S.K.: 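Dumping the structure here so I can ask a few things about it.
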Amino acid sequence: MIKFEVYDKKIDDIDAEIELIVIVDKNFNHRWIQDKNILEKCGFKGKEDEAIFLPMVNRVYTSCKTLEPEDIRLSVSNAFKTIKNTTFKTIKMGLYTQNCPPTNTRALAEGILLGNYIFDKYKTEKNPLSIELVKISTEDYSDKIYTKDSIIKAIEEALVIADATNKAKDIVNTPPFDMTPEKLASYAKNMAKKLKNIECFIGDEEFLKAENMGAFLAVARASSNPAKLIHLTYKPKKSNKKFVFVGKGLTYDSGGLSLKPSEYMVTMKSDKSGASAALHIIKAASELNLPYEIHAIIGAAENMIGGNAYKPDDILKARNGKTIEVRNTDAEGRLVLADCLDYAQDLKPDYLIDMATLTGACVVALGEYTIGVMGHNEKLKNSILKISDKSGELCGTLPFNRYLKKLLKSDIADMSNISSSRYGGAITAGLFLDNFIRDEYKDKWLHLDIAGPAFVEKNWGYNQAGASGAGVRLCLYWLKEFVYKENSIHQEEL
Ligand code: BES
Ligand code: ZN
Ligand code: ZN
């Protein structure tokens, strides 16, 4: 991983092979820009996503519309793209803080760390990044003066958050033969061993039976890789809130007997993205020493075909006693989540958040880049939407309504696992889950459909083609906001 060093020195006094300069809002007259004429000759205009490496002066220029955190992330990641094939090992740059030193410095480091993610585990020929060290000067674009310590702290946080995000991508990008429910469970166990205040419990099929998780078990039945329930607990010394994250962990979704057409089946290794997000949120929470009790509940299974597969027409009994008519075995995530959500409520959470690559309909509704946010509590939904700006993950709400809820009715069971209409599929999936949320938890629950951004087959922004670690940064920034609120601290002052 790239290392960072912070210097209480002017940029010019720092020794590095190359320098990175951000051109903010086309301001070519800033004192840091020494190559205005060359840039002009090269046709560099400072437009969105423009970045250029000038080898004769060893400087990289990158444009940035504003000094909002997300613009900074994008801008620095664009800068690094221009030096991808060079052999430089050190690069230096100043700060671009505006009013928010920690937020903007974190964004800067995150942009570098996320933008340089590579998944090359299965490549014979690797092409690693040459840059090993980023030297940051406390000299600021707007002439403000900061202490080295506050900048170091922000970078340390960025390292934790970006590492959690990148590791979440690794798990999602790993092919299904190498990330079965069992392997995911061992990964969680090993991860927990290395972290402070984390316990890991793995429930096998016997456990699922004892827990009456009939819906979860049915989904997993045809696979030769048995299901696992993974339960991680992070308990700091003192805590006054309990958060439970539930993740859909389909290590493969073939669709089951309602088999997916071939072109829709590829990428379904990404159906474990919610699980991977939950796992790495708790990892970062421990590394950041967050002062809350946090649980991650993961339903890990494979949705496969076989002689003993669960079938359309089957009726399943969920952990909460409700019966479900299966009309499509490809709507499996909600079945696994139904049982996991019921288990999660036994923990008496103050906040219950599920993350799942639940529906293609969510991708149709919001596009590939946006997380669908659903729930009953408007304030809670808004708190997540607000964090979008800081974290850089896009969110949009999809509203529940009583008419869509009725579409899940079944003639012969308590409900059907699919809607009777082809419209509003992301919301009806959310409303299906609502059947498993007890009255006292309705207002504590949020459902995040990450089917779009979790896995995109083209590069976008600072994300590489493949997994993006969707949900990790969003939830971590959201959790951090509770800490700020409790201490009545404005993030800016930290
Ligand atoms: N894992 C899929 C949803 C999905 C689709 C995730 C595309 C990522 C990208 C889920 O299990 C599924 O197959 N859902 C069905 C539901 C339908 C049968 C009601 C879908 O979206 O088509
Ligand atoms: Zn499916
Ligand atoms: Zn699925």
Side-chain angles (χ1 to χ4, degrees), residues 172-173 176 179 181 184 215-216 218-223 227 246-277 298-305 309-314 324-340 354-372 374 398 404 407-408 410 415-433 447-458 465-468 470-471:
V172 174
N173 283 329
M179 200 44 74
L184 187 64
F216 185 172
V219 170
R221 206 164 61 213
S223 173
V246 176
K248 171 176 174 181
L250 267 289
T251 59
Y252 204 68
D253 180 12
S254 71
L257 290 177
S258 314
L259 197 64
K260 284 185 186 292
S262 337
E263 61 275 27
Y264 289 93
M265 204 186 293
V266 263
T267 74
M268 277 305 135
K269 65 174 182 182
S270 69
D271 221 16
K272 55 182 166 347
S273 297
S276 187
I298 287 155
E302 271 189 345
N303 186 20
M304 300 298 285
I305 54 172
Y310 84 124
K311 306 169 186 72
D313 285 345
D314 272 344
I324 308 162
E325 180 191 356
V326 177
R327 295 183 67 88
N328 189 317
T329 61
D330 197 13
E332 85 299 336
R334 58 195 78 184
L335 299 171
V336 172
L337 287 177
D339 282 343
C340 290
D354 77 71
M355 292 174 290
T357 44
L358 205 60
T359 64
C362 191
V363 195
V364 174
L366 296 172
E368 278 183 294
Y369 310 112
T370 304
I371 296 176
M374 285 160 258
L398 296 170
L404 286 172
L407 302 177
L408 288 161
S410 158
M415 71 196 87
S416 161
N417 81 326
I418 55 165
S419 160
S420 55
S421 157
R422 50 195 286 218
Y423 304 114
I427 302 177
T428 49
L431 284 166
F432 175 89
L433 299 179
H447 163 53
L448 305 179
D449 193 330
I450 57 172
F455 197 94
V456 178
E457 286 188 278
K458 301 173 292 276
S468 75

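Only a predicted model underlies this, so the values are computations on that prediction, with no experimental measurement involved. Numbers for residues simply follow the sequence, beginning at 1. Numbering of ligands and ligand atoms starts at 1, following listing order.
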S.K.: Below 3.5 angstrom, do we get any N/O pair linking Gly333 and ligand 1?
M.R.: no
S.K.: So, does Ser468 use its side chain to make a donor-acceptor pair with the main chain of Pro453 at under 3.5 Å?
M.R.: yes
S.K.: Are Leu257 and Tyr310 close enough that some pair of their side-chain heavy atoms sits under 4.5 Å apart?
M.R.: no
S.K.: Going by heavy-atom distance to atom 10 (C) of ligand 1, choose the closest among Asn417, Val219, Leu358, Ile450.
M.R.: Leu358
S.K.: Is a donor on one side and an acceptor on the other found under 3.5 Å between the side chain of Thr370 and the backbone of Gly367?
M.R.: no
S.K.: Verify the distance criterion only: is there a donor paired with an acceptor across the side chains of Thr329 and Ser258 at less than 3.5 Å?
M.R.: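 Yes, Ser258 and Thr329 have a side-chain donor paired with an acceptor closer than 3.5 Å.
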S.K.: Would you say Asp253 and ligand 1 have an N/O pair spaced under 3.5 Å apart?
M.R.: yes
S.K.: Under 3.5 Å between some N or O of ligand 1 and some N or O of Lys248?
M.R.: yes
S.K.: Keeping to distances under 2.8 Å, can you name the protein N/O/S atoms close to the Zn ion (ligand 3)?
M.R.: Lys248 NZ, Asp253 OD2, Asp271 OD2, Glu332 OE2
S.K.: Closest by any non-hydrogen atom to atom 9 (C) of ligand 1: pick that one out of Arg327, Glu368, Met268, Arg334.
M.R.: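 Closest candidate by heavy-atom distance is Met268.
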S.K.: As a test of the contact definition, would atom 22 (O) of ligand 1 count as having a protein heavy-atom neighbour under 4.0 Å?
M.R.: no
S.K.: Return yes if some donor-acceptor pair links the side-chain N/O of Ser270 with the main-chain N/O of Thr267 below 3.5 Å, else return no.
M.R.: yes
S.K.: Just by distance, do the side chain of Asp314 and the backbone of Lys311 share a donor-acceptor pair under 3.5 Å?
M.R.: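 Between the backbone of Lys311 and the side chain of Asp314 there is a qualifying donor-acceptor contact (under 3.5 Å).
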S.K.: With only distance considered, is Asp271 within less than 3.5 Å of ligand 1 through an N or O on each side?
M.R.: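 Right, the criterion is met.
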S.K.: Does any N or O in the side chain of Asn328 come within less than 3.5 Å of the main-chain N or O of Asn417, such that one atom is a donor and the other an acceptor?
M.R.: no
S.K.: Is a side-chain N or O of Asp339 found less than 3.5 angstrom from the main chain of Phe216, in a donor-acceptor match?
M.R.: yes
S.K.: Of the protein's non-hydrogen atoms, which lies at the shortest distance from atom 15 (C) of ligand 1, and what is that distance?
M.R.: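 I find the closest protein heavy atom is Asp330 O, 4.0 Å.
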S.K.: When you look for heavy atoms under 4.0 Å from ligand 1, do you find them on the side chain of Ile418, its backbone, both, or neither?
M.R.: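 It is the side chain that gets close, since no backbone atom is under 4.0 Å.
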S.K.: Please identify which atoms of ligand 1 are closer than 4.0 Å to at least one heavy atom of Asn328.
M.R.: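 Contacts of ligand 1 toward Asn328, numbered from 1: 18 (C).
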S.K.: Hey, is the main chain of Asn303 close enough, under 3.5 Å, to the side chain of Ser254 for a donor-acceptor pair?
M.R.: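 Yes, because the side chain of Ser254 sits within donor-acceptor range (under 3.5 Å) of the backbone of Asn303.
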S.K.: Give the atoms of ligand 1, by number and element, whose distance to some non-hydrogen atom of Ala451 is under 4.0 Å.
M.R.: 6 (C), 8 (C)
S.K.: Which of the atoms of ligand 1 are close to Glu332, meaning less than 4.0 Å from one of its heavy atoms?
M.R.: 11 (O)
S.K.: What protein heavy atom sits nearest atom 20 (C) of ligand 1, and how far off is it?
M.R.: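 Checking every protein heavy atom, the shortest distance to atom 20 (C) of ligand 1 gives Gly360 N, 3.9 Å.
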S.K.: Tell me which one of Met179, Lys272, Met265 satisfies side-chain contact (heavy atoms from CB on, under 4.5 Å) with Tyr252.
M.R.: Met265
S.K.: Examine distances only and state if a side-chain atom of Asp449 and a backbone atom of Gly372 form a donor-acceptor pair shorter than 3.5 Å.
M.R.: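 No.
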S.K.: Under 3.5 Å, is there a donor-acceptor pair between the side chain of Lys248 and the main chain of Thr357?
M.R.: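 Pair found, side chain donor or acceptor close to backbone of Thr357.
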